[in-house]
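To start, the structure under review is shown below, and the notes come after it.
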Amino acid sequence: MDQSNPSVSSSDRYAWLSAEISPIAVHDREPALDKKASVKGQAFSRCIGKPDAGAFVRLRLEIIVALFSAAIGVAATANGVAAQPAETTPLQLEAKIPLGNVHGRIDHMAVDLKRQRVFVAELGNDSIGIVDLANRKLLHRIAGLKRPQGVGYEPSADLLYVANAADGSVRLFEGNEYKPAGQIELGSDADNVRVDTAANRLFIGYGSGALAIIDAATLSKIGDVPLKAHPEGFQIDPDTSRISSTCPKLTASPSSTAPRKSKSANGRQPGRGANFPMAVDSARRQLLVIFRNPAELGAFSMADGKLVGTAETCGDADDLFVDAKRGRIYVSCGAGFLDVLEAKGMANPRIAHIPTTSGARTSLFVPELDRLLLAVRTSTAEPAAIWVFRPAP
(Lines give C-alpha, C1' and ligand atoms only; values in the text may rest on other atoms or scores of the structure.)
Protein backbone atom coordinates (compact mmCIF):
# COMPACT_ATOMS: atom_id res chain seq x y z
CA MET A 1 0.00 0.00 0.00
CA ASP A 2 1.60 3.27 -1.10
CA GLN A 3 0.70 6.29 0.97
CA SER A 4 3.34 8.55 -0.59
CA ASN A 5 2.73 12.24 -1.23
CA PRO A 6 4.33 13.82 -4.31
CA SER A 7 4.85 17.03 -2.37
CA VAL A 8 7.12 15.25 0.08
CA SER A 9 10.55 14.09 -1.12
CA SER A 10 11.55 10.46 -0.84
CA SER A 11 14.39 11.38 1.52
CA ASP A 12 11.78 12.71 3.95
CA ARG A 13 9.77 9.48 4.12
CA TYR A 14 10.63 7.04 6.87
CA ALA A 15 9.13 3.83 8.11
CA TRP A 16 10.00 1.43 10.87
CA LEU A 17 10.28 -2.34 11.03
CA SER A 18 11.13 -4.02 14.31
CA ALA A 19 12.10 -7.60 14.95
CA GLU A 20 10.97 -8.41 18.44
CA ILE A 21 9.37 -11.53 19.81
CA SER A 22 5.71 -10.61 19.66
CA PRO A 23 2.36 -11.36 18.09
CA ILE A 24 1.74 -10.28 14.53
CA ALA A 25 -0.43 -7.21 14.42
CA VAL A 26 -1.47 -4.91 11.61
CA HIS A 27 -3.18 -1.58 11.97
CA ASP A 28 -3.27 1.95 10.60
CA ARG A 29 -2.86 5.06 12.69
CA GLU A 30 -2.85 8.77 11.82
CA PRO A 31 -0.31 10.77 13.87
CA ALA A 32 -0.56 14.41 14.85
CA LEU A 33 0.69 17.15 12.53
CA ASP A 34 3.76 19.32 12.89
CA LYS A 35 5.17 22.16 10.82
CA LYS A 36 8.80 21.46 11.65
CA ALA A 37 9.39 18.04 10.16
CA SER A 38 8.23 16.47 6.91
CA VAL A 39 8.34 12.72 7.29
CA LYS A 40 5.83 10.39 5.65
CA GLY A 41 5.55 6.80 4.48
CA GLN A 42 4.56 3.26 5.21
CA ALA A 43 5.66 1.96 8.56
CA PHE A 44 6.37 -1.52 9.75
CA SER A 45 6.93 -1.42 13.48
CA ARG A 46 6.59 -3.22 16.69
CA CYS A 47 8.10 -0.58 18.96
CA ILE A 48 6.28 2.54 17.86
CA GLY A 49 3.86 4.09 20.31
CA LYS A 50 1.77 7.24 20.06
CA PRO A 51 3.54 9.66 17.68
CA ASP A 52 5.04 12.77 19.22
CA ALA A 53 3.18 15.94 18.25
CA GLY A 54 6.42 17.67 17.31
CA ALA A 55 7.69 15.08 14.89
CA PHE A 56 5.83 14.85 11.60
CA VAL A 57 3.77 16.72 8.98
CA ARG A 58 1.86 13.59 8.10
CA LEU A 59 2.73 9.95 8.57
CA ARG A 60 0.45 7.02 7.86
CA LEU A 61 1.54 4.00 9.83
CA GLU A 62 0.87 0.43 8.90
CA ILE A 63 2.38 -1.66 11.67
CA ILE A 64 3.44 -5.22 11.11
CA VAL A 65 5.25 -7.00 13.88
CA ALA A 66 7.33 -10.07 13.24
CA LEU A 67 6.17 -13.51 14.39
CA PHE A 68 9.01 -15.71 15.52
CA SER A 69 8.05 -19.07 14.04
CA ALA A 70 9.87 -22.39 13.86
CA ALA A 71 13.62 -22.15 13.40
CA ILE A 72 15.44 -23.62 10.44
CA GLY A 73 18.32 -25.69 11.71
CA VAL A 74 21.87 -25.31 10.43
CA ALA A 75 24.22 -28.28 10.49
CA ALA A 76 27.46 -27.52 12.35
CA THR A 77 30.15 -29.04 14.53
CA ALA A 78 30.09 -28.61 18.30
CA ASN A 79 31.76 -25.22 17.85
CA GLY A 80 29.79 -24.31 14.74
CA VAL A 81 32.53 -24.82 12.14
CA ALA A 82 35.70 -26.83 12.26
CA ALA A 83 38.90 -24.79 12.71
CA GLN A 84 40.50 -23.52 9.52
CA PRO A 85 44.14 -22.79 8.69
CA ALA A 86 44.89 -19.06 9.15
CA GLU A 87 45.84 -18.58 5.51
CA THR A 88 42.43 -19.80 4.33
CA THR A 89 40.19 -17.92 6.76
CA PRO A 90 37.88 -15.35 5.15
CA LEU A 91 39.10 -12.64 7.57
CA GLN A 92 42.85 -12.08 7.80
CA LEU A 93 44.26 -10.16 10.80
CA GLU A 94 46.26 -7.34 9.23
CA ALA A 95 47.19 -5.07 12.14
CA LYS A 96 46.68 -4.26 15.82
CA ILE A 97 46.47 -0.53 16.56
CA PRO A 98 47.06 0.20 20.29
CA LEU A 99 44.55 2.50 21.99
CA GLY A 100 46.82 3.32 24.91
CA ASN A 101 45.60 3.70 28.48
CA VAL A 102 41.95 2.73 28.06
CA HIS A 103 39.97 0.80 30.66
CA GLY A 104 36.47 -0.60 30.75
CA ARG A 105 33.89 -1.39 28.11
CA ILE A 106 34.12 -0.16 24.52
CA ASP A 107 30.88 0.59 22.68
CA HIS A 108 30.06 1.79 19.15
CA MET A 109 32.41 3.07 16.43
CA ALA A 110 32.14 5.36 13.39
CA VAL A 111 34.42 6.44 10.55
CA ASP A 112 35.52 9.61 8.76
CA LEU A 113 36.27 8.22 5.30
CA LYS A 114 37.93 11.34 3.93
CA ARG A 115 40.56 11.42 6.67
CA GLN A 116 40.52 7.64 7.27
CA ARG A 117 39.91 8.10 10.96
CA VAL A 118 37.90 5.83 13.25
CA PHE A 119 36.07 7.07 16.33
CA VAL A 120 35.88 4.64 19.25
CA ALA A 121 33.35 5.14 22.06
CA GLU A 122 35.41 4.22 25.13
CA LEU A 123 32.40 4.02 27.44
CA GLY A 124 34.19 2.79 30.56
CA ASN A 125 36.95 5.36 30.05
CA ASP A 126 34.60 8.37 29.52
CA SER A 127 36.42 9.17 26.30
CA ILE A 128 36.46 8.91 22.51
CA GLY A 129 39.57 7.47 20.89
CA ILE A 130 40.42 8.77 17.41
CA VAL A 131 42.47 6.33 15.36
CA ASP A 132 44.42 7.17 12.21
CA LEU A 133 43.86 4.12 10.04
CA ALA A 134 46.26 5.14 7.28
CA ASN A 135 49.20 5.47 9.69
CA ARG A 136 47.85 2.88 12.15
CA LYS A 137 48.16 4.91 15.31
CA LEU A 138 46.09 6.64 17.98
CA LEU A 139 45.79 10.24 16.85
CA HIS A 140 43.81 11.95 19.60
CA ARG A 141 41.54 11.34 22.58
CA ILE A 142 38.50 13.38 23.67
CA ALA A 143 38.24 13.07 27.46
CA GLY A 144 35.75 14.25 30.07
CA LEU A 145 32.65 12.64 28.51
CA LYS A 146 29.79 10.92 30.37
CA ARG A 147 29.78 7.23 29.42
CA PRO A 148 29.80 7.72 25.65
CA GLN A 149 27.86 4.97 23.88
CA GLY A 150 27.08 6.15 20.36
CA VAL A 151 29.22 8.05 17.91
CA GLY A 152 28.52 9.33 14.39
CA TYR A 153 30.40 11.48 11.88
CA GLU A 154 28.34 13.80 9.66
CA PRO A 155 30.44 14.83 6.62
CA SER A 156 28.47 17.79 5.21
CA ALA A 157 29.09 19.90 8.32
CA ASP A 158 32.29 18.03 9.24
CA LEU A 159 31.03 17.29 12.75
CA LEU A 160 31.42 14.43 15.19
CA TYR A 161 28.36 13.52 17.30
CA VAL A 162 28.90 11.74 20.64
CA ALA A 163 25.89 10.33 22.55
CA ASN A 164 26.41 10.09 26.32
CA ALA A 165 24.49 7.56 28.41
CA ALA A 166 25.09 9.13 31.82
CA ASP A 167 23.57 12.57 31.17
CA GLY A 168 21.61 12.03 27.93
CA SER A 169 23.59 14.68 26.07
CA VAL A 170 24.81 14.61 22.48
CA ARG A 171 28.06 16.54 22.25
CA LEU A 172 29.35 17.92 18.97
CA PHE A 173 32.99 18.34 17.95
CA GLU A 174 34.46 19.84 14.81
CA GLY A 175 35.93 17.21 12.54
CA ASN A 176 39.61 18.08 12.32
CA GLU A 177 40.96 19.29 15.66
CA TYR A 178 37.88 18.08 17.59
CA LYS A 179 37.10 21.30 19.41
CA PRO A 180 33.66 21.47 21.09
CA ALA A 181 31.00 22.66 18.64
CA GLY A 182 27.73 22.45 20.57
CA GLN A 183 25.47 20.19 22.61
CA ILE A 184 21.98 18.73 22.22
CA GLU A 185 20.08 17.55 25.30
CA LEU A 186 18.04 14.37 24.93
CA GLY A 187 17.31 13.66 28.58
CA SER A 188 18.69 10.20 29.36
CA ASP A 189 20.58 7.19 28.00
CA ALA A 190 21.65 8.66 24.64
CA ASP A 191 22.87 5.66 22.68
CA ASN A 192 23.21 4.48 19.09
CA VAL A 193 23.75 7.08 16.33
CA ARG A 194 22.85 6.68 12.65
CA VAL A 195 23.60 9.27 9.95
CA ASP A 196 21.21 9.64 7.01
CA THR A 197 23.35 11.64 4.57
CA ALA A 198 20.66 11.66 1.85
CA ALA A 199 18.20 13.48 4.13
CA ASN A 200 20.85 15.46 6.04
CA ARG A 201 19.61 14.07 9.33
CA LEU A 202 20.77 11.94 12.23
CA PHE A 203 18.78 9.49 14.33
CA ILE A 204 19.80 8.79 17.93
CA GLY A 205 18.25 6.21 20.24
CA TYR A 206 17.63 7.40 23.79
CA GLY A 207 15.56 7.23 26.95
CA SER A 208 12.94 4.60 27.70
CA GLY A 209 11.89 4.48 24.05
CA ALA A 210 12.55 7.00 21.26
CA LEU A 211 14.65 7.89 18.26
CA ALA A 212 15.55 11.58 18.21
CA ILE A 213 15.57 13.22 14.77
CA ILE A 214 18.44 15.70 14.45
CA ASP A 215 18.63 18.22 11.61
CA ALA A 216 22.28 18.33 10.50
CA ALA A 217 21.82 21.82 9.02
CA THR A 218 20.46 23.52 12.15
CA LEU A 219 22.18 21.18 14.65
CA SER A 220 18.93 20.81 16.54
CA LYS A 221 16.39 18.16 17.44
CA ILE A 222 13.30 18.47 15.23
CA GLY A 223 11.24 15.52 16.41
CA ASP A 224 10.98 12.04 17.88
CA VAL A 225 10.05 8.59 16.68
CA PRO A 226 8.28 7.23 19.81
CA LEU A 227 9.01 3.61 20.73
CA LYS A 228 7.70 1.31 23.44
CA ALA A 229 11.18 0.60 24.86
CA HIS A 230 14.78 1.67 24.48
CA PRO A 231 16.11 0.78 21.00
CA GLU A 232 19.34 -1.18 21.39
CA GLY A 233 19.88 -1.46 17.65
CA PHE A 234 18.50 0.19 14.55
CA GLN A 235 19.43 0.59 10.90
CA ILE A 236 18.38 2.75 7.95
CA ASP A 237 17.53 0.90 4.74
CA PRO A 238 18.98 3.08 1.95
CA ASP A 239 16.62 1.58 -0.63
CA THR A 240 13.36 2.42 1.12
CA SER A 241 14.21 5.04 3.79
CA ARG A 242 12.82 2.52 6.28
CA ILE A 243 14.26 2.43 9.78
CA SER A 244 14.45 -0.98 11.46
CA SER A 245 14.84 -1.23 15.23
CA THR A 246 15.14 -3.79 18.02
CA CYS A 247 13.66 -3.29 21.48
CA PRO A 248 14.91 -6.27 23.52
CA LYS A 249 13.19 -5.27 26.77
CA LEU A 250 9.81 -5.79 25.13
CA THR A 251 10.41 -9.49 24.54
CA ALA A 252 9.41 -10.25 28.13
CA SER A 253 5.92 -8.78 27.80
CA PRO A 254 4.83 -8.61 24.17
CA SER A 255 1.13 -8.43 25.00
CA SER A 256 1.59 -5.01 26.58
CA THR A 257 2.57 -3.54 23.22
CA ALA A 258 -0.06 -5.09 20.95
CA PRO A 259 -1.76 -2.39 18.84
CA ARG A 260 -5.30 -1.42 19.79
CA LYS A 261 -6.75 -1.99 16.30
CA SER A 262 -5.28 -5.36 15.49
CA LYS A 263 -6.45 -7.15 12.36
CA SER A 264 -4.61 -10.37 13.17
CA ALA A 265 -2.65 -11.80 16.05
CA ASN A 266 -0.59 -14.92 16.62
CA GLY A 267 1.26 -16.29 19.63
CA ARG A 268 4.95 -15.79 20.22
CA GLN A 269 7.52 -18.53 19.97
CA PRO A 270 9.17 -18.99 23.36
CA GLY A 271 12.87 -19.41 23.86
CA ARG A 272 14.40 -16.44 22.01
CA GLY A 273 15.49 -13.14 23.51
CA ALA A 274 18.16 -10.45 23.95
CA ASN A 275 17.98 -9.37 20.31
CA PHE A 276 20.55 -6.57 20.04
CA PRO A 277 22.53 -6.18 16.79
CA MET A 278 20.87 -5.98 13.38
CA ALA A 279 21.73 -5.37 9.74
CA VAL A 280 19.90 -4.89 6.45
CA ASP A 281 20.66 -7.33 3.64
CA SER A 282 19.52 -5.23 0.68
CA ALA A 283 20.27 -7.85 -1.97
CA ARG A 284 17.96 -10.45 -0.41
CA ARG A 285 15.57 -7.93 1.16
CA GLN A 286 16.11 -9.43 4.58
CA LEU A 287 16.47 -7.94 8.03
CA LEU A 288 19.12 -9.82 10.01
CA VAL A 289 18.87 -9.88 13.81
CA ILE A 290 21.18 -11.58 16.32
CA PHE A 291 19.74 -13.12 19.49
CA ARG A 292 22.00 -13.77 22.45
CA ASN A 293 19.63 -16.28 24.02
CA PRO A 294 20.08 -18.65 22.32
CA ALA A 295 23.02 -17.43 20.24
CA GLU A 296 21.64 -17.37 16.72
CA LEU A 297 20.90 -15.19 13.74
CA GLY A 298 17.32 -14.72 12.58
CA ALA A 299 16.61 -13.66 9.00
CA PHE A 300 13.30 -11.85 8.45
CA SER A 301 11.61 -10.98 5.19
CA MET A 302 11.37 -7.21 4.80
CA ALA A 303 8.20 -7.68 2.77
CA ASP A 304 6.06 -9.16 5.55
CA GLY A 305 8.29 -9.47 8.65
CA LYS A 306 8.20 -13.28 8.68
CA LEU A 307 11.12 -15.34 9.95
CA VAL A 308 12.60 -17.13 6.94
CA GLY A 309 15.71 -18.73 8.43
CA THR A 310 18.05 -19.06 11.41
CA ALA A 311 21.72 -19.90 11.91
CA GLU A 312 23.87 -20.60 14.94
CA THR A 313 26.35 -17.86 15.91
CA CYS A 314 28.98 -17.15 18.54
CA GLY A 315 27.83 -15.92 21.97
CA ASP A 316 27.34 -12.39 23.32
CA ALA A 317 27.15 -10.78 19.86
CA ASP A 318 27.00 -7.00 19.67
CA ASP A 319 27.54 -6.18 15.99
CA LEU A 320 26.89 -7.72 12.60
CA PHE A 321 27.44 -6.49 9.06
CA VAL A 322 26.71 -7.60 5.52
CA ASP A 323 29.60 -7.74 3.05
CA ALA A 324 27.59 -7.32 -0.15
CA LYS A 325 30.65 -7.69 -2.36
CA ARG A 326 31.33 -11.25 -1.16
CA GLY A 327 27.86 -12.29 -0.03
CA ARG A 328 28.97 -12.71 3.58
CA ILE A 329 27.81 -11.77 7.06
CA TYR A 330 30.27 -10.82 9.82
CA VAL A 331 29.35 -11.24 13.52
CA SER A 332 31.53 -10.05 16.43
CA CYS A 333 31.03 -11.68 19.82
CA GLY A 334 32.10 -11.04 23.40
CA ALA A 335 32.63 -14.78 23.77
CA GLY A 336 35.88 -14.22 21.87
CA PHE A 337 35.06 -15.03 18.24
CA LEU A 338 34.28 -13.56 14.86
CA ASP A 339 31.78 -15.61 12.90
CA VAL A 340 31.58 -15.46 9.12
CA LEU A 341 28.32 -16.65 7.55
CA GLU A 342 27.45 -17.09 3.92
CA ALA A 343 24.45 -15.01 2.80
CA LYS A 344 22.80 -17.63 0.65
CA GLY A 345 19.11 -17.82 -0.23
CA MET A 346 17.02 -18.23 2.88
CA ALA A 347 19.90 -19.79 4.84
CA ASN A 348 23.04 -18.29 6.34
CA PRO A 349 25.45 -21.18 6.96
CA ARG A 350 28.49 -20.44 9.10
CA ILE A 351 31.74 -20.83 7.17
CA ALA A 352 34.30 -19.60 9.72
CA HIS A 353 34.59 -19.35 13.52
CA ILE A 354 37.65 -17.16 14.16
CA PRO A 355 39.11 -16.81 17.70
CA THR A 356 39.72 -13.26 18.95
CA THR A 357 39.68 -12.39 22.66
CA SER A 358 37.07 -12.34 25.41
CA GLY A 359 34.98 -9.17 25.55
CA ALA A 360 35.80 -8.02 22.00
CA ARG A 361 32.23 -7.71 20.78
CA THR A 362 32.18 -4.26 19.12
CA SER A 363 33.11 -4.04 15.45
CA LEU A 364 32.68 -1.89 12.36
CA PHE A 365 32.77 -3.05 8.75
CA VAL A 366 33.83 -0.29 6.34
CA PRO A 367 33.04 -1.41 2.77
CA GLU A 368 34.75 1.63 1.25
CA LEU A 369 38.04 0.56 2.87
CA ASP A 370 37.25 -3.17 2.65
CA ARG A 371 38.18 -3.71 6.29
CA LEU A 372 36.51 -5.06 9.43
CA LEU A 373 37.60 -3.24 12.60
CA LEU A 374 37.31 -5.02 15.96
CA ALA A 375 37.51 -3.08 19.25
CA VAL A 376 39.46 -5.04 21.87
CA ARG A 377 39.14 -3.91 25.48
CA THR A 378 41.96 -4.06 28.04
CA SER A 379 42.37 -7.46 29.68
CA THR A 380 45.08 -9.61 31.21
CA ALA A 381 45.52 -11.21 27.80
CA GLU A 382 45.44 -8.14 25.53
CA PRO A 383 45.88 -4.36 25.72
CA ALA A 384 43.13 -2.12 24.37
CA ALA A 385 43.44 -1.96 20.58
CA ILE A 386 41.70 -1.89 17.24
CA TRP A 387 42.31 -5.08 15.32
CA VAL A 388 42.15 -4.61 11.56
CA PHE A 389 40.90 -7.57 9.52
CA ARG A 390 41.13 -7.80 5.74
CA PRO A 391 38.44 -9.91 4.04
CA ALA A 392 39.82 -12.57 1.71
CA PRO A 393 39.81 -13.24 -1.09
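Below, all heavy atoms of this structure are taken into account, side chains as well, without hydrogens, waters or symmetry copies. Residue numbers count from 1 along this sequence.
In this structure, Y153 is not a member of the same hydrophobic cluster as L138, with clusters built from ILVMFWY side-chain heavy atoms closer than 4.5 Å. Cluster annotation: L123 is not connected to M109 through the hydrophobic network of ILVMFWY side chains, with a link wherever side-chain heavy atoms come within less than 4.5 Å. One hydrophobic cluster holds both V195 and L159 under the rule that ILVMFWY side chains link at heavy-atom gaps under 4.5 Å. Linking ILVMFWY side-chain heavy atoms closer than 4.5 Å, directly or via other members, places F365 and I351 in a single hydrophobic cluster. I128 and V111 fall into different hydrophobic clusters, where Ile, Leu, Val, Met, Phe, Trp and Tyr residues are linked whenever their side-chain heavy atoms come under 4.5 Å apart, directly or through other members.
Among V170, I184, L172, N200, the one residue that satisfies the side chain to side chain contact (heavy atoms under 4.5 Å, CB included) test with I214 is I184. Residue L297 is tested with L288, T310, D339, V289 for a side chain to side chain contact (heavy atoms under 4.5 Å, CB included); the sole match is L288.
You'll find the side chain of D191 reaches within 4.5 Å of the side chain of E232, heavy atoms only. Looking at P231 and N192, their side chains never come closer than 4.5 Å, going by heavy atoms from C-beta outward. Side-chain contact check for V280 versus L287: some heavy-atom pair is nearer than 4.5 Å. Here the side chains of V366 and Q116 are not in contact, with every heavy-atom distance at 4.5 Å or above. Inter-residue side-chain proximity for L320 and L341 is flagged as unmet; no heavy-atom pair is nearer than 4.5 Å. The shortest side-chain heavy-atom distance between L372 and L338 falls under the 4.5 Å cut-off.
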Checking side chain to side chain contact (heavy atoms under 4.5 Å, CB included) for the pair R201/I222: CA distance, chi angles, key distance, verdict?
CA-CA 10 Å; R201 290 177 178 169; I222 61 171; 3.8 Å; yes
Which is it for D319 and Y330 under the side chain to side chain contact (heavy atoms under 4.5 Å, CB included) test, yes or no, and what are the steps along the way?
CA-CA 8 Å; D319 276 312; Y330 304 132; over 6 Å; no
Please assess E122 against R141 for the test side chain to side chain contact (heavy atoms under 4.5 Å, CB included), listing each intermediate value before the final yes or no.
CA-CA 10 Å; E122 299 163 346; R141 174 163 284 119; 2.9 Å; yes
Take N348 and R284, measure what side chain to side chain contact (heavy atoms under 4.5 Å, CB included) needs, and give me the verdict at the end.
CA-CA 12 Å; N348 300 287; R284 296 185 298 165; 2.6 Å; yes
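When every heavy atom of P277 is checked against every heavy atom of A317, the shortest pair comes out as CD-O, 3.7 Å.
Using a cut-off of 4.0 Å between Lys/Arg side-chain N and Asp/Glu carboxylate O, R147 and D189 are scored as not salt-bridged. Using a 4.0 Å cut-off between charged side-chain N and carboxylate O, R194 and D196 make no salt bridge.
For the 3.5 Å distance criterion, the side chains of E94 and Q92 fail to qualify, holding no donor opposite an acceptor. If you check the side chains of N135 and D132, you find a donor sitting under 3.5 Å from an acceptor.
Looking at H230, its side chain never comes within 3.5 Å of a backbone N or O of G209 through a donor-acceptor pair. For the pair Q235 (side chain) and M278 (backbone), a donor-acceptor distance under 3.5 Å is present. With S379 contributing its side chain and A381 its backbone, the two residues share a donor-acceptor pair below 3.5 Å. Put simply, the side chain of R292 never gets that close to the backbone of G315: no donor and acceptor are under 3.5 Å apart. In this structure, the side chain of T362 engages the main chain of I106 through a donor-acceptor pair within 3.5 Å.
The aromatic rings of Y178 and F119 lie perpendicular to each other, with more than 60° between the two planes, well past the 30° mark.
We find the CZ-CG distance between R390 and L91 to be 10.0 Å, quoted to the nearest 0.5 Å.
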